[in-house]
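Written out below as structure tokens is the structure these notes cover.
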There are 2 protein chains.
Amino acid sequence: MAKTQITIIDIARELNISPSTVSRALRNHPDISRKTVEIVKECAERLSYKPNEMALNLRLGRNNIIGVIVPEIVHYFFSSIVQGIEETASAEGFNVMLFRSEESYEKELKITESLINARVAGVLASLSKETDRYEHYQQILDNDIKLVFYDRICIGIITDRVVVDDYAGALSAVEHLISTGCRRIAFYSSPLHLEISKNRRNGYLDALRKNSIPVDESLIFVCDTREKAMELTPQVLSLPEPPDSFFAINDHTATGILYAVKKAGLRVPEDISICGFSGGDLALACDPMLTTVEQHGYEVGKTAAKLLIDKIKGITHGQYTNRIIKTKLMVRGTTKTAP
Amino acid sequence: MAKTQITIIDIARELNISPSTVSRALRNHPDISRKTVEIVKECAERLSYKPNEMALNLRLGRNNIIGVIVPEIVHYFFSSIVQGIEETASAEGFNVMLFRSEESYEKELKITESLINARVAGVLASLSKETDRYEHYQQILDNDIKLVFYDRICIGIITDRVVVDDYAGALSAVEHLISTGCRRIAFYSSPLHLEISKNRRNGYLDALRKNSIPVDESLIFVCDTREKAMELTPQVLSLPEPPDSFFAINDHTATGILYAVKKAGLRVPEDISICGFSGGDLALACDPMLTTVEQHGYEVGKTAAKLLIDKIKGITHGQYTNRIIKTKLMVRGTTKTAP
DNA sequence: AATGCTTTTGCAAACGTTTGCACTGGAAAA
DNA sequence: TTTTCCAGTGCAAACGTTTGCAAAAGCATT
């Protein structure tokens with residue numbers, strides 16, 4: 001039990017050969033004779049030798065760790081992304097080190113510091129809501145660590161980026177509402193400084209314009225949680241000219257709307273249509289089931305990880321890629337079928 | 001940009017002192033004079049020196065990495081656990097390396113191999129559904145890596161363990177159903193070889209016995225997904241003596257039941273009561289909102305991480321702890337209020 | 001001026017690998 | 001026989017730290 005760790009030197013001593021030969025034999029270096037390779041491998045197996053990755057990393061000045069910064073872990077979209085990342089990374093021989101920024105700039109700063117100290121091979125990052133300074137990400141690059149942003153990207157830093165097609169997703173959602181007869185479409189958004197808010201808002205606005213529906217600014221609200229939606233929606237419904245439908249920035253908000261609308265005695269989708277944005281099981285638990293824009297977080301994660309690993313391996317060199325992951329409108333029960 | 005990494009030796013050269021002095025100064029070793037410490041720290045800051053953790057780890061023969069094996073990532077309970085782990089770890093200066101076993105023994109084997117090679121300080125593991133051999137976990141211990149099991153524990157290996165109180169959770173859920181007048185309570189369970197199934201089943205059975213309700217085996221089913229529940233439930237409802245309520249092994253299954261019951265034209269909870277097991281947002285999206293047993297995954301994660309870190313730090317020594325995290329029944333709309 | 005004590009610093013080894021280069025011994029070539 | 005060549009192996013340095021021990025420096029006490 002307290003047996004100290006077996007090293008390459010132990011094997012060398014046991015076999016009366018030099019550590020360098022052992023090292024080469026284990027790595028199938030062509031210089032080493034077949035016989036020696038066999039003997040060494042047998043011995044390594046017998047002593048249940050495990051290569052010390054820490055020593056290896058130091059020697060080689062690199063490691064196989066990918067740092068992942070995620071604003072939240074308990075979150076369908078982000079956990080899907082992490083799953084995509086983990087899958088790709090492990091298939092390519094990389095390990096994933098996971099950090100949660102908790103939507104805090106301070107925490108993000110500490111995390112990037114840790115990542116640099118750990119000399120990770122690469123970083124996959126999504127900005128916290130708070131973050132509006134980017135020096136810490138520049139530092140990552142300065143320390144020769146590869147960097148790819150996903151979802152909440154950073155425009156100021158030149159890197160690869162993977163984003164969801166928020167604009168097209170919102171556009172298709174709102175056009176769907178319009179095609180089913182909706183005309184006064186309320187929009188519940190996140191704070192506007194976030195890229196995703198801007199993009200989805202633009203999709204919303206363009207869908208209206210394309211269909212010659214006047215934009216009514218009084219139908220646009222900042223409201224991005226279930227709780228807030230449950231509070232806000234009754235007021236919105238009792239407006240002099242209430243909306244006939246809602247487009248929500250995420251599914252949680254949409255469930256809050258759904259709850260409030262039903263509570264107000266209105267029928268969904270006959271009286272009021274609702275469309276969310278996110279994907280996941282939540283939409284299926286609703287009654288009626290929620291029409292929503294599926295974001296394919298898993299694809300985002302896989303794509304970002306692949307991009308990063310290619311950079312690390314030096315396959316891609318100078319160029320920087322912007323990858324856009326398509327969304328998909330999932331039409332369900334909270335919207336009407338087109339006439 | 002391509003400036004090679006700054007080391008302690010660069011600082012030493014710059015200041016015409018020895019690397020050992022620099023090292024000690026940066027670590028506030030008491031032997032070093034205040035003045036030297038200041039000079040060194042200033043210089044380190046100026047050159048934006050970042051300690052190379054790989055070198056440190058090799059030298060000290062340890063690192064600050066906690067390996068986490070989780071069967072699934074996109075999963076409310078498990079992601080809550082991961083969040084609890086990450087939070088505790090980062091507060092204590094540890095980093096989290098995340099692996100997904102995908103419920104596969106083969107994958108679990110590869111993961112433990114990676115973890116040993118990486119010489120992580122400790123491992124937090126939950127068994128995959130497939131796993132029924134445990135040598136790989138014994139190997140972890142043999143390599144002097146601390147190990148704590150959570151949720152899906154391994155009885156054969158002597159370690160600390162953190163589990164959810166499945167028995168008490170199920171007991172309280174079923175007693176609640178009984179107290180609201182239910183007598184024929186159907187139970188939708190996972191495959192019985194899993195500990196959690198056994199424990200919850202025992203809770204279910206004991207609740208019936210305690211209240212002198214005869215156990216009807218024909219009301220117990222293996223059914224643990226939303227899809228299966230949507231398929232099975234109509235048949236169950238059309239039994240000659242149908243149940244008046246359902247207790248489901250998880251919330252996904254419960255939402256499937258809810259859907260089928262409503263579709264059959266029955267009212268919830270007036271005609272049929274439903275209770276799930278899991279916690280999370282899903283329960284709130286249902287209409288009526290789902291009564292369920294909250295598992296406190298976050299607490300599980302925090303507790304397991306704390307236990308592991310104490311072991312790593314050598315605070316706890318020989319003893320092995322079994323920690324049980326209490327569940328909490330969240331009574332909502334799918335069950336009646338007690339008369 | 002010598003001694004002793006304390007404070008501060010430096011030397012060198014060590015952690016476990018990999019790898020450029022030099023060396024060995026034997027076979028092939030001269 | 002000598003030379004050349006090559007496959008196979010070993011030496012030693014290097015990666016960036018920490019740390020036991022020795023040495024130096026400073027200072028007060030004899």
Side-chain angles (χ1 to χ4, degrees), chain A residues 3-41 43-44 47-65 114 116-121 143-145, chain B residues 3-41 43-44 47-65 114 116-121 143-145:
Chain A
K3 69 179 167 197
T4 178
Q5 127 171 258
I6 305 292
T7 78
I8 237 171
I9 300 184
D10 295 320
I11 300 181
R13 236 194 313 262
E14 173 98 3
L15 261 39
N16 258 319
I17 57 180
S18 86
S20 18
T21 305
V22 175
S23 170
R24 284 188 259 250
L26 290 172
R27 308 223 150 240
N28 297 314
H29 191 290
D31 275 3
I32 304 298
S33 70
R34 279 174 41 100
K35 213 179 72 183
T36 310
V37 170
E38 274 171 28
I39 295 175
V40 168
K41 288 199 171 169
C43 185
L47 302 182
S48 72
Y49 163 78
K50 312 275 177 192
N52 185 325
E53 237 171 48
M54 298 196 288
L56 184 69
N57 291 341
L58 175 60
R59 177 65 233 270
L60 267 37
R62 59 165 180 72
N63 64 29
N64 65 341
I65 300 177
S114 295
I116 293 174
N117 289 352
R119 301 291 194 277
V120 296
N143 278 275
D144 219 22
I145 296 173
Chain B
K3 69 178 169 198
T4 178
Q5 124 172 258
I6 305 292
T7 76
I8 236 171
I9 299 184
D10 296 318
I11 299 182
R13 237 193 313 263
E14 173 98 2
L15 263 38
N16 259 318
I17 57 178
S18 85
S20 19
T21 304
V22 176
S23 170
R24 282 187 260 249
L26 290 172
R27 307 224 150 241
N28 298 314
H29 192 291
D31 276 2
I32 305 298
S33 70
R34 276 173 44 101
K35 214 179 71 183
T36 311
V37 170
E38 274 170 28
I39 296 175
V40 169
K41 287 197 171 169
C43 184
L47 302 182
S48 73
Y49 162 79
K50 312 276 177 191
N52 186 324
E53 235 172 48
M54 298 196 288
L56 184 69
N57 291 341
L58 176 60
R59 175 66 233 269
L60 267 36
R62 58 163 179 75
N63 63 28
N64 63 340
I65 300 177
S114 296
I116 293 174
N117 290 350
R119 302 291 195 277
V120 296
N143 279 273
D144 220 20
I145 296 173

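Letters A, B, ... mirror the listed sequences (proteins, then strands); counts begin at 1.
Here the C1' atom of nucleotide dT19(D) and the CG atom of Leu56(B) are 13 Å apart, to the nearest Å. Residue Asn117(A) contributes atom CG, which lies 15 Å from atom P of dG16(D) at whole-angstrom precision. When rounded to the nearest whole Å, the span between CD1 of Ile8(B) and P of dG10(C) equals 13 Å. Going from atom NZ of Lys35(B) over to atom C1' of dT9(C) covers 13 Å, rounded to whole Å. At whole-Å resolution of the value, CD1 in Ile6(B) and P in dC15(D) are 14 Å apart. Straight-line distance from the CE atom of Met54(B) to the P atom of dA14(C): 23 Å, rounded to whole Å. One atom, CD of Glu53(A), and another, C1' of dG16(C), lie 13 Å apart when rounded to the nearest Å. For the pair Arg13(A) CZ and dG16(C) C1', the interatomic distance rounds to 12 Å; values are reported in whole Å.
Comparing dG10(D), dT9(C), dT17(C) against the side chain of Tyr49(A) picks out dT17(C) as the nearest. The nucleotide whose nearest atom lies closest to any side-chain atom of Ser33(B) is, among dT17(D), dT8(C), dG16(C), dT8(C). For Arg24(B), counting side-chain heavy atoms from C-beta on, the closest listed nucleotide (dC11(C), dT8(C), dG10(D)) is dC11(C). Side chain of Ser20(B), nearest nucleotide from dT19(D), dT9(C), dG10(D): dT19(D). Listed candidates were dG20(D), dT9(C), dG10(D). Nearest to the side chain of Ser18(A) is dG10(D).
Here the side chains of Val40(A) and Ile17(A) are in contact, with some heavy-atom distance below 4.5 Å. Side-chain contact between Asn117(B) and Leu56(A): absent, with no pair of heavy atoms (C-beta onward) separated by less than 4.5 Å. Taking the side chain as every heavy atom from C-beta outward, Thr7(B) and Asn52(B) never approach each other to under 4.5 Å.
Residue Ser23(B) is in base contact, counting any heavy-atom pair closer than 4.0 Å across all strands shown.
Position along DNA chain C of the nearest nucleotide to Asp31(A) versus Ile9(A) favours Ile9(A) as the more 5'-ward residue. Along DNA chain C, the nucleotide closest to Ile32(B) and the one closest to Leu58(B) are compared, and the more 5′ of them pairs with Ile32(B).
Using modelled atom types, one side-chain atom of Asn63(A) and one backbone atom of Ala121(A) make a donor-acceptor pair closer than 3.5 Å. The backbone N or O of Met54(A) sits nowhere less than 3.5 Å from a side-chain atom of Asn57(A) that would complete a donor-acceptor pair.
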